[in-house]
Each structure stands twice: as structure tokens, then as C-alpha cells.
2 protein chains.
Amino acid sequence: MSDTSELAESLRVSFETDVEPCLGSGDGRAMRDLLDRVGDKWSLLIIGTLRDGALRFSELQRRVTGISQRMLTLKLRSMQRDGLVTRTAHAEVPPRVEYALTPMGTTLLEPAIALALWAVDNQQAIAEARASFDAA
Amino acid sequence: MSDTSELAESLRVSFETDVEPCLGSGDGRAMRDLLDRVGDKWSLLIIGTLRDGALRFSELQRRVTGISQRMLTLKLRSMQRDGLVTRTAHAEVPPRVEYALTPMGTTLLEPAIALALWAVDNQQAIAEARASFDAA
DNA sequence: CGGGATCCTACTCGATACTG
DNA sequence: CAGTATCGAGTAGGATCCCG
């Protein structure tokens, strides 16, 4: 596990000019916008599911366990609007619609994976912290 | 900008065993837990604000623009429970309470910064994608 | 100063039913 | 198959007042 200083050092030049106004103090517009978009229950899971290539609507719904038809529609529409996914409708019977990540959507995959790894690495520590906190 | 394959390659060993069940298909328990914790409107902004060291409650509220007293209290309590921040109350008059990141909270800073940088880098592209989508 | 207790609103999300 | 439409419950989050 590398500590934060390594990354922080490599990012020092851009850190104060770019991150300061968005992650830390101030209004954090960019960060808040991002969280409004993909900080919800499903968006990152959908993006993760699309990482291997295009999928049709029903296949997507089968893989993202528990998502309702409605939410899948809504989230896909929103992500399409933001330029994160493409929607390709094939004029056939029965209809076939495929969704895929755009180049920009793919670049989001990188920090998303980093976050997912953190989640996996620390989920047990968090559970323990929780338990000991609740004991008091 | 590096594409995703570089990181994906360096993480290949753990990717399928660790990320697969959480970011992509399946129930995505770890990822969902993480989003439930820090995927809200304020948590990551608070963590970002604490990156330079301990701050008192009122100072925190002044820096995280727009947060209500209530939400700051709630989020800090939740993050303390999860072992992400520490709360130190000094027995003085007037009372002084300081919050700081735990080591685990600091490690979360790393992927959080990566995400913040992505947000900054892509906010304009997203705004443009939105505009052109709405035009149709 | 650093909260706790309440009240209230707006929006999210799920379930269900219907359609091209 | 891939949606759209509608309803209803739950909840995040803001405003306000009070307390040690």
C-alpha cells in the first residue's frame, strides 16, 4: 500500500490549482457536479459493467443485479446526455439497443476502479470501526 | 493522459478477483457500501477539506461552503463511526472540538483526488456533451 | 462554541401496468 | 425487447429553535 504522499507529490503541480477549488474548500462545483452524476447508487456499477464492451439493455439489466427497468433507463439516458455512454438502436424486429462507453466514459473507469479497490481493501476495517463505535 | 489499459494492466491480478464482484456485475456490495458512505453531497468535500490537518467544527463549516450545521454534524458522526475521521473534544470554555482524518481516511484521499482531477479535466467536455444532447 | 431535537419539503427510487 | 407512464413510500437535506 503506497501512502498518499507519493501520489500527492506527483500531482503537486496541478494539485493546488486544480483540486483545491473542487475537492476542498470553496464551493467544490466540479466535484459536486460529478457526484450528482455518478455518485448515486447505480451509475458507477453500470459503467463498470460496460467496461468489457457494448451490451444490450436487457443484458445490462441482468448483470446489474437489482436495478429496476425504470432506473436503468433513467441512468443510461443521463449518462448518454453527459457523453459517458453511447446508445445505438438497430432497426430490427425484435428491437436491439446497445450501450457502450465513450472514450470519456472509459477514462472515468480508471478513478472508478481505484475507488472500487479502496472499497474492497477497506471494507473490513470499516466494518470493524463501525462495530467498535457502536459498542460505545 | 494515460488510457485505462495501463492501470488495468498493473492491476490485472487483483482486478478480476477484487473489482469484478464489486464494480461490475453481481451485487456490488463493497462499491455500494462505499457510495452509501461517501457518495453523498458532502462527505468527499469534508474529507478534502481535512487533508491539510485538523480543523474545528466552525472552521470546517466555514470552509465547506453551503453545508448546514445539521448536515456537518451528521456527516462527521457517520465518518467517525466508519473510522475515517477522529473527533477530539478539548475540555475548555468555550468548548473546542477538532476533527482530523485517520490514516484510513487519508488513504481514501488518494482515489478521491484522482476522481476530483477527472472531474476538473472533464467538466467542460461534459457540459458540451450536455448542451449538444439537449439541442436534440 | 458545538451541537441535539423537530419540522418540513423535494426529490429519489421501486413497483406496477401499459406500449410500439 | 426496450422502453414510457403513473403512483406511493422513503429519505436526504435545509430551516429553526434550544441547550451545556
Side-chain angles (χ1 to χ4, degrees), chain A residues 27-29 31-47 49-50 54-82 85-100 133-134 136, chain B residues 27-29 31-47 49-50 53-82 85-100 133 136:
Chain A
D27 57 9
R29 208 195 314 275
M31 194 60 183
R32 206 168 292 179
D33 279 3
L34 176 74
L35 288 173
D36 283 348
R37 263 183 274 283
V38 299
D40 61 279
K41 195 173 171 185
W42 299 112
S43 298
L44 279 184
L45 293 174
I46 295 173
I47 289 177
T49 305
L50 284 174
L55 288 175
R56 15 196 330 182
F57 187 89
S58 53
E59 179 67 16
L60 217 34
Q61 190 179 9
R62 215 153 3 86
R63 297 207 196 184
V64 182
T65 313
I67 195 171
S68 68
Q69 206 172 36
R70 172 191 145 89
M71 282 315 299
L72 185 54
T73 301
L74 257 44
K75 292 307 169 188
L76 284 172
R77 195 79 70 206
S78 159
M79 293 163 72
Q80 182 192 359
R81 182 170 117 110
D82 292 337
V85 304
T86 58
R87 191 191 111 115
T88 310
H90 299 83
E92 302 172 1
V93 177
R96 193 182 79 210
V97 181
E98 293 200 314
Y99 293 89
F133 182 91
D134 291 345
Chain B
D27 57 7
R29 205 193 318 272
M31 193 61 184
R32 207 167 293 179
D33 279 4
L34 176 74
L35 288 174
D36 283 349
R37 262 182 276 281
V38 299
D40 62 278
K41 195 173 172 184
W42 300 111
S43 297
L44 279 184
L45 294 175
I46 296 173
I47 289 178
T49 304
L50 284 174
L55 289 175
R56 2 191 345 176
F57 186 90
S58 51
E59 179 66 18
L60 216 35
Q61 190 179 8
R62 213 151 4 88
R63 297 209 196 184
V64 181
T65 314
I67 195 170
S68 67
Q69 206 173 41
R70 173 190 144 90
M71 283 315 299
L72 185 54
T73 301
L74 256 45
K75 292 308 168 186
L76 283 172
R77 195 78 68 207
S78 160
M79 293 163 72
Q80 182 192 0
R81 184 169 113 108
D82 291 339
V85 305
T86 58
R87 191 192 112 114
T88 311
H90 299 83
E92 302 171 1
V93 177
R96 193 183 77 208
V97 181
E98 293 199 316
Y99 293 90
F133 183 91

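Computed over heavy atoms, backbone and side chain alike; hydrogens, waters and symmetry mates excluded. Below, read A as the first sequence line, B as the second, and so on, with proteins coming before strands; counting in each chain starts at 1.
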Indicate, with a heavy-atom threshold strictly under 4.0 Å, whether A/R96 touches base, sugar-phosphate, or nothing. sugar-phosphate
Tell me whether the side-chain N/O atoms of B/K75 come closer than 4.0 Å to OP1 or OP2 in D/dA12. no
Rounded to whole Å, the CZ-C1' distance (A/R37 to C/dT12) equals 18 Å
Choose from D/dA2, C/dG4, D/dG13 the nucleotide whose nearest atom is closest to any side-chain atom of B/R77. C/dG4
Interatomic distance, A/L35 CG vs D/dG13 C1' [rounded to whole Å]: 15 Å
Gap between atoms CD1 and P, on A/I67 and C/dG14 respectively (whole Å): 7 Å
Is A/Y99 near enough to D/dG3 that one of its side-chain N or O atoms lies under 4.0 angstrom from OP1 or OP2? yes
For the pair made of CG in A/D36 and P in D/dA12, what is the distance, rounded to whole Å? 15 Å
Let me know, please, whether A/P95 or A/R70 comes out on the 5' side of the other along DNA chain C by nearest nucleotide. A/R70
Are the side chain of B/S43 and the backbone of B/M79 linked by a donor-acceptor contact shorter than 3.5 Å? no
Between P on D/dC1 and CZ on A/R87, what's the gap in Å once rounded to a whole number? 16 Å
From C-beta outward on B/M71, which listed nucleotide comes closest to its side chain: C/dG3, D/dA2, D/dG13? D/dG13
Show the numbers, then the answer: is there a side-chain contact (heavy atoms from CB on, under 4.5 Å) between A/R77 and A/R87? CA-CA 9 Å; A/R77 195 79 70 206; A/R87 191 191 111 115; 4.0 Å; yes
Between D/dG14 (C1') and B/Q61 (CD): distance, integer Å: 12 Å
Whole-Å gap separating C1' (C/dG3) and CG (B/L74): 11 Å
Considering every strand and a 4.0 Å limit on heavy-atom distances, what is the contact class for A/Q69: base, sugar-phosphate, or nothing? base
When rounded to whole Å, the NE2 to C1' distance for the pair A/H90 and D/dG3 reads 17 Å
Is any side-chain heavy atom of A/I46 less than 4.5 Å from a side-chain heavy atom of A/L72? yes
Are side-chain heavy atoms of A/L76 and A/L60 found at a separation under 4.5 Å? yes
Short side-chain N/O contact to C/dC1 OP1/OP2 from B/S58, under 4.0 Å: no
B/D40 vs A/E98, nearer the 5' end of DNA chain D by closest nucleotide: A/E98
Given side-chain contact (heavy atoms from CB on, under 4.5 Å), test B/K41 with A/L35 step by step and report yes or no. CA-CA 7 Å; B/K41 195 173 172 184; A/L35 288 173; over 6 Å; no
